[in-house]
Amino acid sequence: EEFILKMNVKASEIGMLHALFSDVTGLIPTNTATALDVAVMARAAFSRQEIRKALTMTSYEVSVRGKDEKKTVYTTDRLLEGALNREPFKIQGGKTGYIEESGFNFVFEVKGDHLQDLLVVIMGSESVDSRFEEAKNLALWAFENFDWEMREFAIFDNNGYILQFGQPVSEISESAS
C-alpha cells in the first residue's frame with residue numbers, strides 16, 4: 001500500500017491528472033488513466049536512458065535466480081522490427097499492455113525524418129495486430145500531415161473537445177529562460 005501511494009504521488013507530480021493506481025502491476029481494472037496520462041507517463045519514462053535502452057531491445061538474456069541458467073526474453077513491441085524503426089525513423093521507446101477490460105494498448109515514441117519526436121497512445125484496440133497497425137498508421141499520417149513548424153498545439157479527446165492548448169514544451173522552456 002505504501003508503494004501504491006508513492007506511485008499515485010509521483011503520477012500527480014509529473015502531471016498525470018486523472019490517473020489512479022490501486023496495485024503495482026497495472027493488471028487490474030481499478031488502475032485507471034486517460035490517454036493523456038499515459039502519454040505523460042511514457043514521456044517521463046522514455047526520458048530515462050536506462051529505460052529507453054531496455055524498451056528498444058528486441059530481446060535480452062536474463063539469469064535464472066539460483067541456477068546456472070539463462071533465458072532469452074523477447075519484446076512484445078512488433079514495431080521495433082518494422083519500417084518505423086528504420087531510416088528516416090527511430091523508435092525511442094514503446095510499451096504494450098493488455099487487460100480484458102481495456103483491450104490491447106500501446107504507447108510509443110518515434111523520432112521522425114526532421115528529428116521531431118512523436119508520442120502515440122493507442123487504447124482499447126481489438127487485437128494484438130490492430131494496436132500496432134493503428135499506431136503505425138497514426139504515426140505515418142502525423143509525419144506526413146502535421147505542420148512541424150507550427151508554434152501552437154491542441155490535444156483533443158475522443159469527442160473532439162480540447163483537453164489542452166498552448167505552446168509546445170520546448171517553446172515554453174525556451175521563452176521562460
Side-chain angles (χ1 to χ4, degrees), residues 11 14-19 26 32-60 73-99 102-177:
I14 66 171
M16 296 174 67
L17 303 178
H18 304 287
T32 58
T34 65
L36 184 56
D37 290 328
V38 172
V40 168
M41 180 172 49
R43 181 61 54 110
F46 298 164
S47 71
R48 298 183 55 143
Q49 187 60 35
E50 65 275 18
I51 293 174
R52 187 178 290 228
K53 180 180 178 185
L55 295 177
T56 55
M57 297 171 68
T58 56
S59 67
Y60 56 94
V73 179
Y74 297 94
T75 184
T76 57
D77 180 350
R78 294 182 182 173
L79 293 187
L80 284 177
E81 294 182 350
L84 282 176
N85 205 27
R86 290 193 287 270
E87 291 293 333
F89 306 109
K90 176 73 175 140
I91 292 179
Q92 304 294 306
K95 177 67 181 88
T96 60
Y98 172 82
I99 60 172
S102 70
F104 295 88
N105 307 295
F106 182 55
V107 57
F108 83 111
E109 184 176 24
V110 59
K111 188 171 288 295
D113 55 351
H114 298 291
L115 301 181
Q116 67 278 43
D117 290 331
L118 177 66
L119 192 63
V120 175
V121 177
I122 302 296
M123 299 178 86
S125 195
E126 294 181 4
S127 70
V128 170
D129 292 334
S130 66
R131 72 173 156 200
F132 295 114
E133 191 65 25
E134 291 168 21
K136 179 185 80 173
N137 290 341
L138 186 56
L140 291 173
W141 181 90
F143 283 127
E144 289 177 17
N145 294 287
F146 187 75
D147 180 0
W148 295 98
E149 298 299 318
M150 194 170 77
R151 297 289 184 208
E152 295 182 336
F153 73 95
I155 298 174
F156 298 91
D157 69 10
N158 290 338
N159 297 314
Y161 295 105
I162 294 177
L163 296 174
Q164 187 174 352
F165 184 80
Q167 294 177 310
V169 174
S170 61
E171 291 294 322
I172 293 170
S173 60
E174 288 173 13
S175 62
S177 44

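Note that this is a predicted model, so its numbers are computed, not measured.
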Item to check | Note, Thr96 side chain near Phe132 side chain (heavy atom, < 4.5 Å) | outcome: yes
Item to check | side chain to side chain contact (heavy atoms under 4.5 Å, CB included) evaluation trace for Glu87 with Asp113 | outcome: CA-CA 8 Å; Glu87 291 293 333; Asp113 55 351; over 6 Å; no
Item to check | Nearest-0.5 Å distance, CZ of residue Arg43 to CE of residue Met41 | outcome: 13.5 Å
Checklist outcome for this item: Heavy atoms of Ala139 and Val120 approach each other most closely as CB-CG2, 4.2 Å
Checklist entry - Counting N and O atoms only, with roles assigned by atom type, does the side chain of Asp37 sit under 3.5 Å from a partner on the main chain of His18, one being a donor and the other an acceptor? => result yes
Next on the checklist: Any carboxylate oxygen within less than 4.0 angstrom of a Lys/Arg side-chain nitrogen, looking at Arg131 and Glu126?
Outcome noted: no
Checklist entry - Roughly how far apart are Thr32 OG1 and Met16 CE, rounded to 0.5 Å? => result 9.0 Å
Checklist entry - Where the side chain of Gln92 meets the backbone of Lys90, is there a donor-acceptor pair that is under 3.5 Å apart? => result yes
Item to check | Atom CD of Glu81: over 12 foreign heavy atoms under 6.0 Å | outcome: no
Checklist entry - Looking at the rings of Phe46 and Phe108, which for Trp means the six-membered one, are their centres under 6.0 Å apart? => result no
Next on the checklist: Please give me the minimum heavy-atom distance between Glu134 and Ile122, naming the atom from each residue.
Outcome noted: OE1-CG2, 3.3 Å
Checklist entry - With a 4.5 Å heavy-atom cut-off, do Phe143 and Val110 have their side chains touching? => result yes
Checklist outcome for this item: OG1 of Thr56 to CD1 of Ile91, rounded to nearest 0.5 Å, is 9.0 Å
Checklist entry - Pick one: which of Val107, Thr76, Ile51, Asp77 meets side-chain contact (heavy atoms from CB on, under 4.5 Å) with Lys95? => result Val107
Checklist entry - Between OH of Tyr98 and OG of Ser125, what distance do you get to the nearest 0.5 Å? => result 11.5 Å
Checklist entry - Would you say Asp117's side chain and Lys111's backbone share a donor-acceptor pair under 3.5 angstrom? => result no
Item to check | Flag, side chain of Asn105 to backbone of Gly124, donor-acceptor distance under 3.5 Å | outcome: yes
Next on the checklist: For Gly26 versus Ile99, what's the shortest heavy-atom pair and its separation?
Outcome noted: O-CG2, 4.2 Å
Checklist entry - What are the two closest non-hydrogen atoms of Ala83 and Phe89, and how far apart are they? => result O-CD1, 3.7 Å
Next on the checklist: Would you say Thr75 and Thr58 are linked by a side-chain donor-acceptor pair, where the criterion is simply a distance under 3.5 Å?
Outcome noted: no
Item to check | Side-chain heavy atoms of Leu118 within contact of Glu109, under 4.5 Å | outcome: no
Checklist outcome for this item: For Met123 and Val38, the nearest pair of non-hydrogen atoms, with its separation, is CE-CG2, 4.2 Å
Checklist entry - Taking all non-hydrogen atoms of both residues, which atom of Ser47 and which atom of Ala44 are closest, and how far apart? => result OG-O, 2.7 Å
